[in-house]
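Here's the structure we're looking at; comments come further down.
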Number of protein chains: 2
Amino acid sequence: MGLTKTTGFTKEQVALAAIAKALGHPARIVILQFLAKQKSCVCGDIVEELPLSQSTVSQHLKELKTVGLIKGNIEGPSVCYCIDENAWNKAQQNLSELFGSITGDSCC
Amino acid sequence: MGLTKTTGFTKEQVALAAIAKALGHPARIVILQFLAKQKSCVCGDIVEELPLSQSTVSQHLKELKTVGLIKGNIEGPSVCYCIDENAWNKAQQNLSELFGSITGDSCC
DNA sequence: AACCTTTATCGTAATATTACGATATAAGTA
DNA sequence: TACTTATATCGTAATATTACGATAAAGGTT
């Protein structure tokens, strides 16, 4: 079907999965690494960083924006993309909660 | 195309994206939360935890296994799934590296 | 206004994902 | 051996994702 069921899951589970899904492509990892390091936030520079066409990169940026991890500001003729620190910190916290919830002894 | 390009990315970027992608579904989040808390690792108990059919859950388990986050041991008539702590810790480290690489000041 | 630059969107094709029921497989039990 | 239980795999349908070129839209420049 391709359609992910959301009923029967908590909002938090659905939200965390959505964030993880957004991180689930090498191009979007590169974009976030690039923005985190603040070398630039101009869209054109991001495109140059990637082995993908401009339209494809624009699509990836849109996904990251939709999930809230980045935001874009129009800056004259170009667009400046930045990490949304709120969403970023929340994602970090939720992920580290998941990874930290392990209780020592594994049974196999 | 649906086919993710991997050329032009580092191995680490591709690997991290693969892990994130595996986390990118609510059912797989639930499975990992459940296994991390060690209430049980029997496949049947995981199926009961989810609002999905047995075959669909089996598919999700397979994905988590393929990416290495969990491993399965046959235990008599049933199968015991557990988190692979090596992969788990590596994933945690790589993700916290990504989230920690932010350099204070955002430009927008 | 005409033009260039920058980014987003559209249209499209190929492939992947999600989900289910049905069936196969494997292990234990009567 | 026949039967039940537990899990995996197959087949299939619907939808999503990825990628590209072409084009639109928005802003600056001459």
Side-chain angles (χ1 to χ4, degrees), chain A residues 1-9 13-14 17-31 34-35 40-67 70-82 108, chain B residues 1-9 13-14 17-31 34-35 40-67 70-82 108:
Chain A
M1 298 172 168
L3 211 187
T4 296
K5 258 195 181 177
T6 54
T7 55
F9 300 105
Q13 288 162 343
V14 172
I19 291 290
K21 192 176 180 186
L23 298 176
H25 191 289
R28 296 193 291 266
I29 293 288
V30 171
I31 292 170
F34 186 76
L35 291 181
S40 148
C41 57
V42 180
C43 174
D45 290 345
I46 297 170
V47 172
E48 279 180 16
E49 204 72 11
L50 291 166
L52 297 169
S53 74
Q54 179 267 322
S55 62
T56 300
V57 173
S58 188
Q59 232 174 140
H60 285 301
L61 286 167
K62 192 182 179 180
E63 277 181 75
L64 288 171
K65 211 169 144 188
T66 297
V67 82
I70 67 175
K71 50 189 174 177
N73 277 51
I74 295 169
E75 195 118 319
S78 58
V79 175
C80 172
Y81 280 103
C82 282
C108 49
Chain B
M1 296 172 168
L3 211 187
T4 295
K5 258 195 180 178
T6 54
T7 56
F9 300 105
Q13 287 162 343
V14 171
I19 291 289
K21 193 177 179 184
L23 298 177
H25 191 289
R28 296 193 290 268
I29 293 289
V30 171
I31 291 170
F34 186 76
L35 291 180
S40 147
C41 58
V42 180
C43 175
D45 291 345
I46 297 170
V47 172
E48 279 181 17
E49 205 70 12
L50 291 165
L52 297 168
S53 75
Q54 180 267 323
S55 63
T56 302
V57 173
S58 187
Q59 231 174 141
H60 285 302
L61 286 166
K62 192 181 180 183
E63 276 181 76
L64 288 171
K65 210 168 145 189
T66 297
V67 82
I70 67 174
K71 50 189 175 179
N73 277 52
I74 295 169
E75 195 118 321
S78 59
V79 176
C80 172
Y81 280 103
C82 282
C108 46

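Below, read A as the first sequence line, B as the second, and so on, with proteins coming before strands; counting in each chain starts at 1.
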Nucleotide by nucleotide, nucleotides 21-30 of chain C touches protein heavy atoms under 4.0 Å in the pattern (B base, S sugar-phosphate only, - none) BB----SS--

Between A/Asp45 and A/Gly2, whichever has its closest DNA chain C nucleotide further toward 5' is A/Asp45

So, with a heavy-atom separation below 4.0 Å from DNA chain C, the residues of residues 57-64 of chain B are B/Gln59, B/His60, B/Glu63

Within residues 17-24 of chain A, the residues having a heavy atom closer than 4.0 Å to DNA chain C are none

Take the protein atom [atom1] of [X] and the nucleotide atom [atom2] of [N], then report the distance between them rounded to whole Å.
| X | N | atom1 | atom2 | answer |
| --- | --- | --- | --- | --- |
| B/Lys65 | D/dT7 | NZ | P | 12 Å |
| B/Leu52 | C/dA19 | CG | P | 5 Å |
| B/Ile46 | D/dA6 | CD1 | P | 14 Å |
| A/His25 | D/dA19 | NE2 | P | 3 Å |

Evaluate the side-chain proximity of [Y] to [X]: yes if any heavy-atom separation is below 4.5 Å, no if none is.
| X | Y | result |
| --- | --- | --- |
| A/Ile31 | A/His60 | yes |
| B/Cys82 | B/Leu35 | no |
| B/Phe34 | B/Cys41 | no |

With sequence neighbours left out, what residues match [X] under side-chain hydrogen bond (donor to acceptor under 3.5 Å, both in side chains)?
| X | answer |
| --- | --- |
| A/Asn73 | none |
| B/Thr6 | none |
| A/Gln13 | A/Thr10, B/Gln33 |

Residues 18-31 of chain A vs salt bridge (Lys or Arg N to Asp or Glu O under 4.0 Å), sequence neighbours excluded, gives A/Arg28-A/Glu63

Q.
Just N and O in the side chain of A/Tyr81: are any of them under 4.0 Å from OP1 or OP2 of C/dT6?
A. no

Winner on side-chain proximity to B/Val79, out of D/dA8, D/dA16, C/dT7, is D/dA8

Check: Within the structure shown, what part of the strands sits under 4.0 Å from B/Val47 by heavy-atom distance: base, sugar-phosphate, or nothing?
Finding: nothing

Ranking B/Ser78 and A/Pro51 by the position along DNA chain D of their nearest nucleotide, the one closer to 5' is B/Ser78

Which donor-acceptor pairs under 3.5 Å do side chains of residues 47-54 of chain B form with protein atoms, sequence neighbours excluded?
{"from": "B/Ser53", "atom 1": "OG", "to": "B/Ser55", "atom 2": "OG", "distance (Å)": "3.3"}
{"from": "B/Ser53", "atom 1": "OG", "to": "B/Thr56", "atom 2": "N", "distance (Å)": "3.3"}
{"from": "B/Ser53", "atom 1": "OG", "to": "B/Thr56", "atom 2": "OG1", "distance (Å)": "3.0"}

B/Lys65 meets the side chain to side chain contact (heavy atoms under 4.5 Å, CB included) criterion, sequence neighbours left out, with B/Ile70, B/Tyr81

Hits for side chain to side chain contact (heavy atoms under 4.5 Å, CB included) against A/Ala17, two or more places apart or cross-chain, chain-then-number order -> B/Pro26, B/Ile29

Query - Worked verdict on A/Val42 versus A/Glu75 for side-chain contact (heavy atoms from CB on, under 4.5 Å) - result: CA-CA 9 Å; A/Val42 180; A/Glu75 195 118 319; over 6 Å; no

